[in-house]
Each structure stands twice: as structure tokens, then as C-alpha cells.
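Written below as C-alpha cells is the structure these notes are about.
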Amino acid sequence: MSKVLIIYTGGTIGMKKDYDSGSLVPFDFAHLIEHIPELSHLDCELKVITLSLIKDSSDIGLNEWLEMSKIIETNYTQFDGFVVLHGSDTMSYSSSAMSFLLQQLDKPVIFTGSQLPIGDLRTDAKENLISAIQLALLQKDGVPVIQEVGLYFEYKLYRANRTTKINTEHFKAFESPNYPVLVDSGLHMKINHQSLWRKKEENSHFSVTQRMCDEVVLCKLFPGFNPNYFESYLGAYQPKVLILETFGSGNAPRDKHFLDQIASLIQSGIHIVNVTQCIGGGVMMGYYENSLYLKDLGVISGKDITTESAITKSMFLLAENLNRDDFERAFHQSLCGEISE
Ligand code: ASP
């Protein structure tokens with residue numbers, strides 16, 4: 001019988017209404033089947049592991065990502081697929097991080113959550129959970145169909161490291177602006193085979209990286225931005241990567257003060273990565289003069305990567321201790337489908 005491991009980390013999905021008190025209380029995932037009898041029709045064995053501490057996803061970071069990846073590493077050979085239940089707020093960050101940590105993945109790891117608690121009458125949690133498990137079980141000729149970290153929400157499976165949370169109100173909370181949907185769940189599961197990820201070296205084995213570095217900061221530009229702000233990065237706490245969210249296709253002010261600050265950050269050893277603040281499309285440095293200056297100073301193009309992936313990819317690459325050129329080369333490469341080459 002096929003086996004799926006569910007890793008429960010917290011978030012709205014794990015709540016139910018206590019009708020006596022009227023408030024939301026955590027749902028005991030050890031009794032999953034008792035609460036969701038539909039799961040017994042799936043014809044598979046389900047095991048639930050709960051993270052050492054259940055958290056709102058605002059509290060999830062590097063330690064939890066390493067804990068989740070350790071759980072998957074320990075159980076990798078015993079299960080056909082993995083479902084991670086996670087709060088939706090930072091799900092795109094966590095699932096992007098996992099896509100870098102779980103190397104040469106050849107089984108499905110599906111993140112999901114919900115906008116309404118699983119115990120709410122109008123919940124979206126049941127459909128999200130049941131479909132995520134079905135996707136984790138999906139095989140063709142004994143081989144898993146999904147061999148990457150995916151994010152399933154509201155009838156769609158996305159490549160996780162291409163997603164971003166776009167809505168706090170609608171059930172359709174995620175979007176993958178620069179990469180096609182992997183599976184569309186309607187009457188049938190419509191699989192977009194040509195968009196699925198396959199590891200680059202067929203004979204390589206699954207392994208887990210147990211290191212990440214948090215010395216990454218994010219700065220979103222806005223008209224009227226005061227470049228003196230950058231001086232704070234040259235003080236006592238100096239980050240190793242600055243993700244700069246620029247305008248449109250990678251443009252920034254051309255005034256001397258701004259560009260001098262960028263130049264001194266780079267000279268001090270900080271990698272600056274240019275990502276767009278637009279929801280879709282990417283950075284094309286040199287397309288406009290206002291991005292050519294950045295290119296000439298040595299700013300790295302983030303192309304069409306999401307901010308979530310740029311941050312977690314930087315955390316992953318920093319732990320590899322790469323020199324400037326190797327960092328830039330690795331950043332431009334698609335490690336697990338997070339960027340268009
Ligand atoms: N605040 C919750 C979280 O991200 C929201 C959710 O689960 O959707 O943990």
C-alpha cells in the first residue's frame with residue numbers, strides 16, 4: 001500500500017471551532033481520519049508527524065526549514081510522497097527554501113494550507129488536503145509524477161519556488177506569475193507534463209543540505225528613497241546579500257548619491273541582487289539606462305525570480321561560501337526551476 005507522510009507545522013489549517021466556546025482551537029492531527037473520514041477512501045497509509053512546536057507561519061524560519069528537511073530525509077525511503085501543512089502567510093518562503101535544501105529530489109513534497117480552519121463549515125482545508133495527498137500519491141509506471149516541491153492551493157498545483165501569496169481574503173491565495181500551473185484540478189487532474197521538474201543528473205541521489213545562512217536583507221525602493229539608509233548596512237551588522245526590489249524591469253534612480261552608496265556596498269563585499277517589485281515579468285538589466293548603471297557597478301540580475309526565492313536561494317548559496325563570481329554564476333543558474341535560464 002502507498003504511504004504518505006504528512007508533516008504538520010501549524011497555521012490556520014490546523015484549527016477547528018469549539019462550538020461550546022465559539023473560539024478556534026488547534027486540531028489534533030493524530031486523529032486525522034476520525035475528523036476527515038473521506039481520507040479513508042484514499043486507499044493509502046497516512047502517517048502524521050508534528051513539528052516540535054506548532055507555529056503561526058510568521059514564526060517559521062531557518063530552524064524549522066532544517067527540521068522539516070531532516071524529517072523528510074529520515075523518512076525518504078519509507079514514503080511515496082510528503083505533504084507539508086503550513087500557514088499560508090509564509091508558505092512561499094518555506095516551500096522555496098525546501099526546494100533548495102532537498103537536492104536531487106525525485107518524490108513529491110506538496111505544501112498546502114487553507115484560508116479557513118479545517119473545522120469551519122465553509123473550509124477550503126479539506127479539498128486542499130485531500131488533493132495534496134492525491135498529488136503526493138500520483139504515479140505513472142511506478143514512478144512519481146511530481147518530483148519537486150509543489151504548492152497546492154484552491155485547485156492548482158504550482159512549482160513552489162515560483163509562487164507568491166497574493167490575497168488574504170480569497171480562497172485563491174497564491175499565484176505563480178512567471179511559471180505555468182503544474183496541475184489543474186477540475187473533474188480530472190490535468191497534468192502539465194512538459195512543465196514538471198526533473199533532476200538534471202538522472203543517476204544522482206537524493207541528499208539534504210543542513211546549512212543556511214540568514215545574513216540576507218531586503219530593501220524595496222520607492223520614489224523619494226533616501227540613499228543614506230544604505231549606510232546602516234555598513235555599520236555593526238553587515239549583511240552578505242542585499243536583495244534590492246527595483247522598479248519595473250530592474251530600474252533604480254540614477255542620482256550620484258544613490259549609485260555611490262550601491263558601489264560602496266558592493267566594494268565592502270555585499271552581493272546585491274536586483275529583483276523587480278512587479279508581480280510578473282523580470283529584471284532586464286541594461287534595457288533602460290537606469291538599470292545599466294546598476295549592471296556596470298556589479299549588481300546581480302535576479303531575472304524573473306520571486307523575492308521569496310531570491311531570499312531563500314541567497315540563504316542557501318551563502319552557506320556554500322562561494323566567491324563573488326561563483327555566487328553570481330550560481331544565482332543565474334536554475335538550481336531547481338526557480339529562475340528562467
Ligand atoms: N497566520 C496564518 C499562518 O500563516 C494564516 C494561514 O495559515 O493562512 O500561519
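First listed ligand is number 1; within each ligand, the first listed atom is number 1. The basis for the numbers below is simple: all heavy atoms, side chains too, and nothing from hydrogens, waters or symmetry mates.
The pair E320-R211 meets the salt-bridge criterion, since a charged nitrogen lies less than 4.0 angstrom from a carboxylate oxygen. Under 4.0 Å is where a charged nitrogen must lie from a carboxylate oxygen, and between K165 and D89 at least one such pair does. Between E73 and K70, at least one side-chain nitrogen of the basic residue sits less than 4.0 Å from a carboxylate oxygen of the acidic one, meeting the salt-bridge criterion.
Closest to atom 8 (O) of ligand 1 among all protein heavy atoms lies S88 OG, 2.5 Å. Protein heavy atom in closest approach to atom 5 (C) of ligand 1: T12 OG1, 3.3 Å.
Contact between A173 and ligand 1 is absent, with no heavy atom of the residue lying under 4.0 Å from the ligand.
Residue K165 places no N or O, backbone or side chain, under 3.5 Å from any N or O of ligand 1.
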Distance-only check: which donor-acceptor pairs under 3.5 Å involve side-chain atoms of residues 219-230, not counting sequence neighbours?
| unit_1 | atom_1 | unit_2 | atom_2 | d |
| --- | --- | --- | --- | --- |
| N226 | OD1 | N228 | N | 2.9 |
| N226 | OD1 | N228 | ND2 | 3.4 |
| N228 | OD1 | H257 | NE2 | 3.1 |
| Y229 | OH | Y233 | OH | 3.1 |

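Atoms of ligand 1 found under 4.0 Å from any heavy atom of S114, numbered from 1 in the order shown, are 8 (O). Atoms of ligand 1 lying under 4.0 Å from at least one heavy atom of D56, given by number and element, are 1 (N), 2 (C), 3 (C), 9 (O).
Taking the centre and axis of the six-membered ring of F100, the NZ or CZ atom of K313 falls outside the cone set by 45° and 6.0 Å.
For atom 2 (C) of ligand 1, the candidate residues are L85, D89, I60; the nearest heavy-atom contact is made by D89. With G11, S58, G14, S57 as candidates, the residue nearest to atom 4 (O) of ligand 1 on a non-hydrogen basis is S57.
Listed by first and then second residue, the side chain to side chain donor-acceptor pair (under 3.5 Å) pairs involving residues 295-304 are R162-D304, D304-S340 (not counting sequence neighbours).
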